[in-house]
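Step one of this worksheet: look at the structure below.
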There are 2 protein chains.
Amino acid sequence: MEEPSASPRRVTIVDVARHAQVSTTAVSKVLRNAYGASPEMRAKVRRAIDELGYRPLAAARGLRGQTYTIGVMLPDIRNPFFPEILDGITGRLADTDYQVLLGPGCNGEKEEARITEALIDRGMDGLILVAPVSPGSHLEHLASVVPTVIVGRHGHSAAYDTVNDDDIAGAALVVGHLAELGHRRIAHIEHRETDPARLEEMPNAQRAEGYRRAMRSLGLAGEIDVVSTSYTPQGGLQGAKELLARPRRPTAVFAGADIVAMGVLEAFAEAGVCVPDDISVAGYDNTTFAALGPVSLTSVDQAGREIGENAARLLLERIADRNKPSVQVRLSPKLVPRRTTAEPRR
Amino acid sequence: MEEPSASPRRVTIVDVARHAQVSTTAVSKVLRNAYGASPEMRAKVRRAIDELGYRPLAAARGLRGQTYTIGVMLPDIRNPFFPEILDGITGRLADTDYQVLLGPGCNGEKEEARITEALIDRGMDGLILVAPVSPGSHLEHLASVVPTVIVGRHGHSAAYDTVNDDDIAGAALVVGHLAELGHRRIAHIEHRETDPARLEEMPNAQRAEGYRRAMRSLGLAGEIDVVSTSYTPQGGLQGAKELLARPRRPTAVFAGADIVAMGVLEAFAEAGVCVPDDISVAGYDNTTFAALGPVSLTSVDQAGREIGENAARLLLERIADRNKPSVQVRLSPKLVPRRTTAEPRR
DNA sequence: CGGGTGGTGGGTAACGTTTCCCAATGGTGG
DNA sequence: CCACCATTGGGAAACGTTACCCACCACCCG
C-alpha cells in the first residue's frame with residue numbers, strides 16, 4: 001500500500017548534476033553566476049534545471065552562503081504609510097534574486113527584539129527596520145551580525161546605513177501653512193516618548209521638536225500646546241478631546257500622523273465641531289486615507305516609495321561590501337494642502 | 001591587525017553540548033522536547049543554553065526537520081481588513097514555537113505563484129493563503145508539498161483545510177437592510193472575475209451572487225444592476241461614476257468591499273451627491289476605516305480575528321498530522337448599520 | 001622545450017541540526 | 001538467575017548547498 005500523496009522527493013542539485021552530466025560544483029557555480037564555468041557548461045546546466053524544474057533550497061544555501069532573503073520589519077501594518085515604503089523596497093529588489101519577507105506587526109521593544117532575532121535565526125541576508133524602537137546599542141548589535149538599514153530614525157552609526165525624511169522641516173511646513181492662513185493657536189498631538197535616549201532619534205519626537213521650533217520662530221512661542229498620546233486613531237480621539245476641553249480652544253490641530261488625524265476628525269465629528277470651519281486639522285504622511293474625498297486631509301508627503309527604494313539600494317550595497325562606510329540618506333517632505341485646513345473664523 | 005567588528009562566530013549546538021558536558025544529540029532532544037532525556041539532563045542543558053545565549057539556526061534545522069516558521073500570504077496589504085486576520089493568526093501562534101513571516105503584497109496569479117514558491121523554498125513548515133487567485137490545481141499542488149490552509153475562498157479539497165465567511169449570507173444582509181429602509185434600485189459594485197473556474201470560489205463572486213439571489217427573493221429581480229470593476233478605491237471611483245451616469249440612478253449602492261466604498265464616497269463627494277440623503281452606500285469587511293467618525297460606513301463584519309485564529313489552529317493540526325481529513329470552517333457575518341445608509345428620499 | 005598562466009572542471013570538507021540507530025544500565029517477572 | 005524491557009545517553013550518518021583547493025589542458029613566452 002502506497003501513501004496517497006507521498007510528496008515526491010524534492011529535486012536537488014545532485015539530480016541536476018547527474019542529468020546534465022556535470023559535477024554539483026559546476027551546477028552551483030551556474031546558480032550563483034560564479035567564476036569558472038564556460039558558456040556551454042552554463043547552457044547545459046540551465047537546460048537541466050528547466051527540464052527538472054529544480055529550485056534551490058534556501059535553508060541549505062544559508063548553511064554555507066546566502067539565503068537571498070531580505071527581512072523587513074514594519075512597526076504597524078495598519079498605518080497606511082508603511083506599504084508605500086514596502087513597495088519601494090520590493091520594487092528595487094524586483095529584478096534581483098532577493099526575496100522580501102515581512103516580520104508581522106509588532107509593538108514595543110520586547111516584541112521588536114523577538115522579531116529581529118527570529119529574522120536573523122531564519123538566515124536573512126539583510127534587514128530593513130522601519131522606525132524601530134530598540135535602543136541604539138541593540139541596533140548596533142544587530143548590524144554587527146547582519147547587514148542592516150534603519151529607516152525613519154534619526155541618529156546614525158558606522159555600523160548601519162539610514163534613510164530618513166526631514167521631520168523637523170516637515171513639521172515646519174505644517175506650522176507655516178497654518179500660520180499663513182492666519183492661525184495662531186496651533187496645537188500639536190504627539191506620540192509620547194518616554195525614553196530620553198530615543199528622544200532625539202524617533203520621527204515623532206522630531207516632529208514635535210519641529211513644531212516647537214517653528215512656533216518659536218514665528219513668534220508664537222506663547223501658543224505652544226502639545227498633547228502626548230500615541231500614533232493611533234485612539235490617540236487622536238483622546239488628544240482631540242483634551243484639546244476641546246481647553247478654556248481657550250486651539251483654532252488648528254497638527255496631528256503627528258494621518259492615523260492620529262483620523263481619530264481627531266472622529267472626535268470633532270462626535271462633538272459637532274466643524275472642520276475646517278471651527279478648527280483646521282492637518283496630518284502627516286499623506287496616506288491614501290488622507291487623499292480620500294470625504295476626508296481630504298491636509299498632510300505632509302514623505303515619498304515613502306523613494307524611501308523604500310533607497311533603503312533597498314543601500315542594503316544591497318552593504319551586502320556586497322560589509323565594510324563600506326555608512327551612508328545617511330535624507331529626503332525632503334512636501335506639504336499637500338487639502339480641505340481640512342482653512343482660514344480661522346473671525 | 002584584527003577586523004574591527006569580526007562577527008564572533010555564532011553559538012552552536014556543539015558549544016552548548018561541550019559547555020553542558022553532554023552530547024549534541026542530548027541538546028537536540030531537549031530543544032525539541034523529544035523523548036529520551038532525564039529531567040536532570042534537561043535542566044543541565046537548559047542552563048547551558050541560557051548561559052551561552054544559544055539560539056537554534058532555523059536554516060540548519062530545516063535541512064532535517066522543521067523550521068518552526070509559518071508563511072502567510074495576504075493579497076493586498078493595503079486593505080485594512082487583512083491585518084485583522086493576521087492578528088488572529090499571530091495571536092493563536094503566540095505561545096507556540098512557531099514564528100509567522102509574511103510574503104509581501106502580490107497581485108495576479110503569476111506574482112502569487114512566485115511568492116508561494118519562495119515561501120516553500122525558504123522551508124516554511126506550513127502556509128496560510130488568504131484569498132489566493134491561483135487555480136485550484138495549483139493550490140492542491142502546494143498542499144501536497146507543505147501543509148496548507150486556504151482562507152477566504154470557497155470550494156474545498158481533501159488536500160487542504162479552509163476557513164471562510166458566508167459571503168452569500170453577508171450580501172443578503174446588506175440587500176435586506178437596504179430593502180427594509182425602502183430602497184428598490186440597489187446597485188452592486190463587484191470585483192471583475194474573468195476566470196470561470198474561480199467564479200464560484202472567490203468571495204467577490206459569492207458576494208455578487210448573494211446580491212443577485214437576495215434581490216430576486218425580494219422581488220427586485222428587475223432592479224438588479226451590477227458594475228464590474230475591482231476591489232480598490234479606484235474601482236469604487238470608476239464604478240460610482242458609471243452608476244451616476246445611468247438614466248435612472250440607483251438609490252443605494254452596495255460596494256463589495258469597504259475600500260471600494262471609499263472610492264464610491266469620493267466620487268459622490270466630487271459630484272456633489274449627498275450620502276445618505278441622495279444615495280445610500282454600504283461596504284463589506286467592517287474595516288477600521290468604516291468605523292471612523294467622518295465616514296461612518298454601513299458594513300458587514302467578518303470577524304477577521306476569528307478567521308485568523310481558526311486558520312492557525314487548523315494549520316497546527318495539519319502539521320501534527322498531515323493525513324487528517326480536511327476541515328471546512330464557515331463563520332457567519334454580521335451587519336453593522338451606520339450613517340451612510342438611510343431611507344431613500346421620497 | 002621547460003615553466004608559468006589563465007581558463008575549466010571537479011573532489012571534498014564543511015555548515016548546524018536532526019534522525020536513526022546502538023550501548024549501557026538497572027529493574028522485573030518467570 | 002536469566003531473558004526481557006524501559007530508560008537514558010551518545011555516535012554517526014544524513015540533509016542540500018557552497019567554499020576551498022587542486023588537477024588538467026592549452027597556450028604563450030623566454
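In what follows, chains carry the letters A, B, and so on, assigned in the order in which the sequence lines appear, proteins first and then strands, with residues in each chain numbered from 1.
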Asp125(A)/Arg318(A) salt bridge by N-O under 4.0 Å criterion: no
Tabulate protein N/O versus nucleotide N/O from nucleotides 19-22 of chain D, keeping only pairs under 3.5 Å, one per line.
from	atom 1	to	atom 2	distance (Å)
dA19(D)	OP2	Arg32(A)	NH1	2.5
dA19(D)	O4'	Arg64(A)	NH2	2.9

Considering only heavy side-chain atoms of Leu57(A), the closest of dG16(D), dT18(C), dG7(C) is dG16(D)
So, taking the atom named CG in Asp97(B) and the one named CG in Asn33(B), what distance separates them when rounded to the nearest 0.5 Å? 7.5 Å
Atom-pair distance (CG on Leu63(B); P on dC15(D)), nearest Å: 9 Å
5′-ward residue of the pair Ala26(B)/Ala60(B) relative to DNA chain D: Ala26(B)
Considering the terminal five base pairs at each end of the helix from dC1(C)-dG30(D) to dG30(C)-dC1(D), what angle separates the two local helix axes, rounded to 10°? 50°
Tyr35(A) side chain N/O closer than 4.0 Å to the phosphate oxygens (OP1, OP2) of dT18(D)? no
Rounded distance (Å) that lies between atom C1' of dG16(C) and atom CZ of Arg122(A): 15 Å
What nucleotide among dT18(D), dG7(C), dG16(C) has an atom nearest to a side-chain atom of Arg61(A)? dT18(D)
Contact list please: residues 38-45 of chain A against DNA chain C, heavy atoms, distance less than 4.0 Å, in numerical order. Ser38(A), Met41(A)
What integer distance in Å separates Arg18(B):CZ from dG9(D):C1'? 19 Å
